[in-house]
Amino acid sequence: MHTEETFPKAYEPAAIQDRLYREWLDQKIFHANPSSSKPSFSIVMPPPNITGVLTLGHVLNNTIQDILSRKARMEGYEVLWLPGLDHAGLATQVAVEKYLLKTKNTDPRTLSKEEFLKIVWEWKESHSKRILEQLQKLGCSADWERTRFTMDPAYSKAVARAFIKLYHKGLIYRGKRMINWCPASQTALSDEEVIPKKIDGFLFYVRYPLADQPSLFLTVATTRPETIPADSALAVHPEDQRYQQFIGKFCLRPFPKEPIPVIADTRVDPKFGTGVLKITPAHDTLDFEIGCEHHLPIRDILTADGKINCPELPALHGLDRFEARKKSIELLSSLGLLESQQPYSHVVGFSERADAVIEPRISEQWFLRYPKTKEALEVVKDKIITFFPAYWEKVYEHWIKNIKDWCISRQVWWGHPIPVWWKNGQYICQEESPGVEWQRDPDTLDTWFSSWLWAYETMDEETRKKFYPTNVLVTGPDIIFLWVARMVIAGLEFKPSLSDDIYQNIPFRKVYFTGLIRDRLGRKMSKSLGNSPDPLELIQKYGADGLRFGLLRIAPQGQDIRFEESQIEEGRNFCNKLWNACRFRIRFGSINPKARPWDYPRSSFAQDILRKLAQTSILLKEAFEAFEFNQAAIILYEFVWNEFCSKFIEATKWELTFVSKETHQGALETFDYSMSVLLRWLHPFVPFVTEELWQRMAFGHATIQLEPWPNEELQEILKKPLYDPHAASIAQAIFETVVAARNLRAQYCPNFNQKIKFLIKKDKEISHLEKTVLCGLVGATSILSIDVRPPKMPLVSTPIGELYLPLELIDFESEKKRIDKELSKLKKDQLLLEKRLTDERTLSKAPKEKIEQWKEEKKVIDLKIKRLEEQLEHISSIQTD
RNA sequence: GCGCGGUUAGCUUAGUGGUAGAGCGCUCGCUUCACACGCGAGAGGUCACAGGUUCAAUCCCUGUACCGCGCACCA
């Protein structure tokens with residue numbers, strides 16, 4: 001048995017976390033058994049990138065998954081929470097390159113592909129180890145034996161096969177088109193990886209003289225004068241009256257000086273700039289389209305790394321594109337062709353990983369024509385897949401309706417090689433090399449082309465049979481297109497269930513989108529800003545449970561979170577509160593794990609907490625069904641702190657210490673039963689402290705993890721009912737009286753240790769025990785009953801009667817002030833109610849129950865006001881005596 | 001430009017068609033035998049603004065402003 005000596009005064013997470021986690025691993029409770037007869041519940045973890053370490057976003061995300069998993073286990077499901085890691089092709093390559101430059105002083109370009117990849121694999125080993133450790137420190141109950149990596153041999157094979165399958169269906173093709181090119185990483189990117197950013201630049205007004213009439217010219221507004229050498233034409237709107245006479249004529253390109261045609265195209269906006277657009281088909285998407293239709297020559301004047309490639313123009317040739325822009329302005333000025341320049345803020349695409357300005361570039365790449373888009377839209381619209389919060393459905397719909405072919409090839413070393421083999425310009429798409437003379441396609445696949453198979457290629461056949469489709473996906477809305485939508489498409493296209501039933505093929509039934517975690521200034525957390533706290537440091541400081549609970553409590557569904565460390569501190573404090581509630585209990589001996597409080601005589605306080613416990617179970621159930629985890633956390637926090645500790649324990653304390661006797665056992669049984677429920681409810685949120693307390697106090701079996709989730713049993717309490725509603729209402733009255741009395745004494749006797757007496761003119765009879773509790777909670781030695789109002793004492797009106805503080809009133813003014821203040825508050829309410837209750841229209845239209853309720857409220861307020869006014873009169877009469 | 005969120009106490013935020021809640025911070029008082037990671041009391045709010053619906057609006061509707069996000073861009 002524990003004593004207060006063997007039960008530390010404060011919860012010390014560091015002392016227990018690692019030990020408990022090892023126990024959990026040994027017990028193999030996290031391991032999912034596909035041949036179990038239990039119903040299944042499954043989640044696949046969004047695989048963290050191996051680029052870095054965990055962020056608070058991961059903490060939130062994985063805590064929610066852990067809550068779902070742990071709760072499901074307690075509810076009797078066979079749970080698979082499948083963890084893994086993502087190779088994150090370009091992101092990792094960029095990270096490793098930076099690392100090599102910075103710490104090893106090695107230029108990655110001097111390394112061979114094999115040498116480089118060897119280093120990336122080493123990087124992968126060390127980083128993945130660290131990330132998995134972090135997840136374990138957080139308490140995640142994932143099935144680590146099944147940890148997958150997107151470049152595992154089996155998984156890589158699956159990726160290649162997916163490519164081959166789609167290729168043979170004609171959905172993957174090779175094409176030369178406009179793509180997003182990152183000059184920094186020198187690779188193509190998909191539309192989704194381009195981040196539009198607003199930048200402040202200039203709009204340059206440039207003159208293009210007419211070829212046969214150099215005194216006349218057309219003025220073009222452009223942000224990119226460095227692309228002038230690539231101009232193939234000028235274009236105006238066919239109906240633009242200003243330029244009718246120019247259509248079909250030729251203008252002179254400023255440099256290199258050459259005549260280019262003036263064409264008419266409806267895609268030119270006459271209202272923008274001067275209404276004249278320069279057409280550079282090689283460097284702009286719209287220009288490319290226009291150029292193709294008008295059969296304009298394509299002049300590509302940029303190299304892969306963003307330098308000007310125009311030997312005819314030595315002044316610009318070889319310059320970086322931004323240097324070239326400056327130089328072009330100088331050139332135009334000196335030629336007298338720069339009319340003006342205006343500051344201009346516009347949107348430019350940046351590459352997500354290298355943060356470089358994207359070049360629209362014509363390039364030959366592999367593309368995927370998305371299959372099953374109609375079906376992918378329908379499964380969400382028909383709620384076969386449900387989004388939480390639901391408004392993401394609109395975003396999803398918009399994307400899928402405007403979907404464009406996916407550029408899936410990357411000029412990156414780290415990634416899945418494309419299963420295509422080349423010989424003399426011919427290619428074959430297949431897994432194995434057709435022969436030594438065939439060269440493998442040098443490109444790799446977009447990382448997301450592997451991730452979109454994650455929901456099922458991580459499972460073997462047996463596992464898939466039991467656990468696919470998964471129940472929930474928990475992820476961030478920032479990857480709704482990159483990942484979520486594509487996974488839906490993959491599920492529908494590849495049919496992992498081997499049937500045609502879409503219900504069996506979708507990757508998940510529900511998607512929970514977390515909010516983004518921002519710093520206290522509302523900025524996104526990022527490595528470059530250095531505003532992302534290290535989860536491990538927070539765990540060390542506040543415990544894993546403190547971090548989990550603190551973060552969760554402030555993360556409402558679909559809302560961004562403004563992070564403050566004090567919130568994590570609150571989480572820690574909560575764990576400590578729970579800990580100390582149990583520490584209180586051990587003073588009265590061992591707990592009864594099979595407590596049945598309703599079999600014993602109980603005080604009104606015990607009945608009250610039992611009722612609230614049952615009511616809380618309903619609120620909790622609703623919160624979980626709506627995936628409102630923060631609401632669930634708030635409900636539990638309030639219940640533990642305000643109801644269980646501040647009211648029940650505080651009241652029971654006096655009962656157990658001084659009154660004992662008949663309700664003593666009932667009080668302990670109530671405590672034990674309630675705490676057993678609380679620990680189980682809280683376990684998914686704060687697994688360590690609940691497990692520790694469960695074991696320490698011997699509430700049940702060796703681990704809390706598979707104890708039943710309390711629910712039906714509590715509904716029974718409400719049904720029977722196993723508490724007396726009248727007794728519970730008396731407890732409420734006592735608590736209200738306590739607040740009123742403390743309020744009064746704080747005015748006159750702020751030192752709580754100074755024992756005082758109260759007098760009471762009772763409206764309601766209360767038991768000896770209730771009186772003892774009342775005395776204890778207000779710090780009084782006694783409360784004497786009186787029949788006649790003592791005129792000279794401070795008074796407060798309570799649900800059980802008029803309460804007096806027997807002190808010689810010295811400061812009449814301050815007492816008058818106190819009463820006045822109380823009165824004005826009450827009168828405001830009274831007026832409101834009166835207005836309502838005398839308004840004919842309200843009386844005829846408002847619901848009957850409401851009117852009754854208001855009448856009751858008014859009665860109470862009227863009485864309080866009457867008492868206080870009488871008191872005020874008394875005081876005034878004494879004063880004037 | 002279109003779409004989606006948000007605007008509540010000094011800060012971070014819950015919340016509901018009918019008296020606005022919490023935590024932190026602040027002020028005051030407490031080593032009250034579970035807890036100072038605590039206990040008690042208190043100050044602090046025209047619930048962004050303007051209309052509308054309603055007997056009744058912080059909540060529902062419309063519009064405005066500001067903040068954030070997404071999509072599309074017009075060079």
Side-chain angles (χ1 to χ4, degrees), chain A residues 4 7 9-11 196 203 220-224 227 235 267-269 271-274 276-280 284-287 344 346-347 389 391-392 394-395 398-399 402 477-478 480-481 515-516 518 520 522 524 542-543 546 553-554 556 558-564 566-567 569-587 630-631 634 637-638 641-642 645-646 649-650 653 657 738-739 742-747 749-755 776-779 825 828-830 832-833 835-836 839-847 850-851 853-854 857 861:
Chain A
E4 275 166 306
F7 208 111
K9 213 169 154 175
Y11 170 54
L203 201 51
V220 170
T222 180
T223 53
R224 300 199 64 188
T227 62
R267 279 165 285 198
V268 179
D269 178 4
K271 287 192 279 302
F272 186 87
T274 58
V276 186
L277 174 64
K278 71 187 201 64
I279 306 293
T280 56
D284 183 276
T285 318
L286 179 67
D287 291 6
Y344 181 59
H346 61 133
V347 175
Y391 58 72
W392 288 111
K394 273 197 179 180
V395 179
H398 183 261
W399 182 78
N402 294 286
D478 49 332
I480 183 168
F481 313 137
L516 285 179
R518 300 171 175 282
R520 55 161 313 168
K524 256 189 194 175
Y542 303 107
R553 204 156 69 93
I554 56 157
Q559 222 87 302
D560 286 1
I561 298 139
R562 222 169 261 222
F563 177 78
E564 272 194 281
S566 66
Q567 291 153 341
E569 201 177 327
E570 278 174 48
R572 175 200 61 178
N573 295 353
F574 174 75
C575 294
N576 189 55
K577 192 74 179 173
L578 189 68
W579 177 266
N580 271 289
C582 288
R583 189 165 184 266
F584 165 78
R585 176 61 182 83
I586 57 159
R587 282 171 57 198
N630 79 306
Q631 194 55 38
I634 289 167
Y637 181 96
E638 303 227 310
W641 206 296
N642 301 332
C645 291
S646 293
I649 290 188
E650 288 304 327
K653 191 180 274 183
T657 315
V738 166
V739 171
R742 280 172 175 171
N743 185 320
L744 189 64
R745 76 164 288 164
Q747 288 280 323
C749 189
N751 187 334
F752 200 81
N753 291 330
Q754 190 184 337
K755 292 293 170 190
L777 293 188
V778 300
K825 217 164 109 191
K828 217 179 92 194
D829 294 345
Q830 189 191 39
L832 225 134
L833 285 168
K835 250 168 100 181
R836 222 181 266 158
D839 186 78
E840 295 270 330
R841 289 189 302 177
T842 305
L843 287 176
S844 61
K845 298 220 174 180
K850 280 281 171 197
I851 294 171
Q853 188 191 319
W854 294 330
E857 280 170 23
I861 289 177

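Chain identifiers are assigned alphabetically (A, B, ...) following the order of the sequence lines, protein sequences preceding nucleic acid strands; residue numbering begins at 1 within each chain.
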**OP:** Starting at CG of A/D287, measure out to OG1 of A/T227 and round the result to the nearest 0.5 Å.
**Re:**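 Between atom CG of A/D287 and atom OG1 of A/T227 there are 8.0 Å.
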
Original post:
For the atom pair NZ (A/K845) and CG (A/D839), what is the distance rounded to the nearest 0.5 Å?
Top reply: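 Spacing of NZ (A/K845) from CG (A/D839) equals 11.0 Å.
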
Original post:
Which of the following nucleotides, B/rC35, B/rU12, B/rG42, is nearest to the side chain of A/N743?
Top reply: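 The answer is B/rG42.
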
Taking atom [atom1] in both [N] and [M], what distance in whole Å separates the two?
N      : M      : atom1 : answer
B/rG63 : B/rA56 : C1'   : 23 Å
B/rA75 : B/rG15 : P     : 41 Å
B/rU58 : B/rA72 : P     : 40 Å
B/rA50 : B/rU7  : C1'   : 15 Å
B/rC74 : B/rC67 : P     : 25 Å
B/rC2  : B/rA9  : P     : 31 Å

Roughly, in whole Å, what's the span from [atom1] in [X] to [atom2] in [N]?
X      : N      : atom1 : atom2 : answer
A/K653 : B/rC33 : NZ    : P     : 8 Å
A/E569 : B/rA36 : CD    : C1'   : 12 Å
A/E564 : B/rG25 : CD    : P     : 11 Å
A/I561 : B/rC24 : CD1   : P     : 20 Å

Where do N or O atoms of nucleotides 18-22 of chain B meet protein N or O atoms at under 3.5 Å, pair by pair?
from	atom 1	to	atom 2	distance (Å)
B/rG18	O3'	A/R836	NH2	3.3
B/rG18	O2'	A/R836	NH1	3.4
B/rG18	O2'	A/W854	NE1	3.2
B/rU19	OP1	A/R836	NH2	2.7
B/rU19	O2	A/D829	OD2	3.2
B/rU19	O4	A/E857	OE2	3.4

Examine [N]: is either OP1 or OP2 under 4.0 Å from a nitrogen or oxygen in the side chain of [X]? Give yes or no.
X      : N      : value
A/R583 : B/rC35 : yes
A/K394 : B/rC4  : yes
A/N576 : B/rG38 : no

**OP:** Give one of base, sugar-phosphate or nothing for A/Q567, where a contact means two heavy atoms less than 4.0 Å apart.
**Re:**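 Since only primed, P, OP1 and OP2 atoms lie under 4.0 Å of A/Q567, the category is sugar-phosphate.
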
Original post:
What does A/C575 touch in the nucleic acid at a heavy-atom separation under 4.0 angstrom: a base, only the sugar-phosphate, or nothing?
Top reply: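 Nothing: the residue A/C575, judged by heavy atoms under 4.0 Å, touches no strand.
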
Is any side-chain heavy atom of [Y] closer than 4.5 Å to one of [X]?
X      : Y      : result
A/F584 : A/C645 : no
A/K850 : A/P847 : yes
A/I279 : A/L277 : yes
A/T842 : A/I851 : no
A/F574 : A/E570 : no
A/K9   : A/R583 : yes

Original post:
Do A/R518 and A/F563 meet the cation-pi criteria used here (NZ or CZ under 6.0 Å from the six-membered ring centre, within 45° of the axis)?
Top reply: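 So A/R518 doesn't make the cation-pi contact.
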
Between N or O atoms, less than 3.5 Å apart, protein on one side and nucleotides 68-75 of chain B on the other: list the pairs.
from	atom 1	to	atom 2	distance (Å)
B/rG68	O2'	A/R518	NH2	3.4
B/rC74	O2	A/D269	OD2	3.4
B/rC74	N3	A/D269	OD2	2.5
B/rC74	N4	A/D269	OD2	3.2
B/rA75	OP2	A/Y344	OH	2.1
B/rA75	O3'	A/T223	N	3.0
B/rA75	O3'	A/T223	OG1	2.5
B/rA75	N6	A/D269	O	2.7
B/rA75	N1	A/D269	N	3.4

**OP:** Tell whether A/K577 reaches the base of B/rC35 with its side chain through a donor-acceptor pair below 3.5 angstrom.
**Re:**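 Present.
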
Subject >> Identified stems (criterion: three or more consecutive Watson-Crick or G-U pairs, under 3.5 Å), RNA chain B >> reply: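 Counting only runs of 3 or more consecutive pairs, the stems involving RNA chain B are B:1-7 with B:65-71, B:10-13 with B:21-24, B:26-30 with B:38-42, B:48-52 with B:60-64.
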
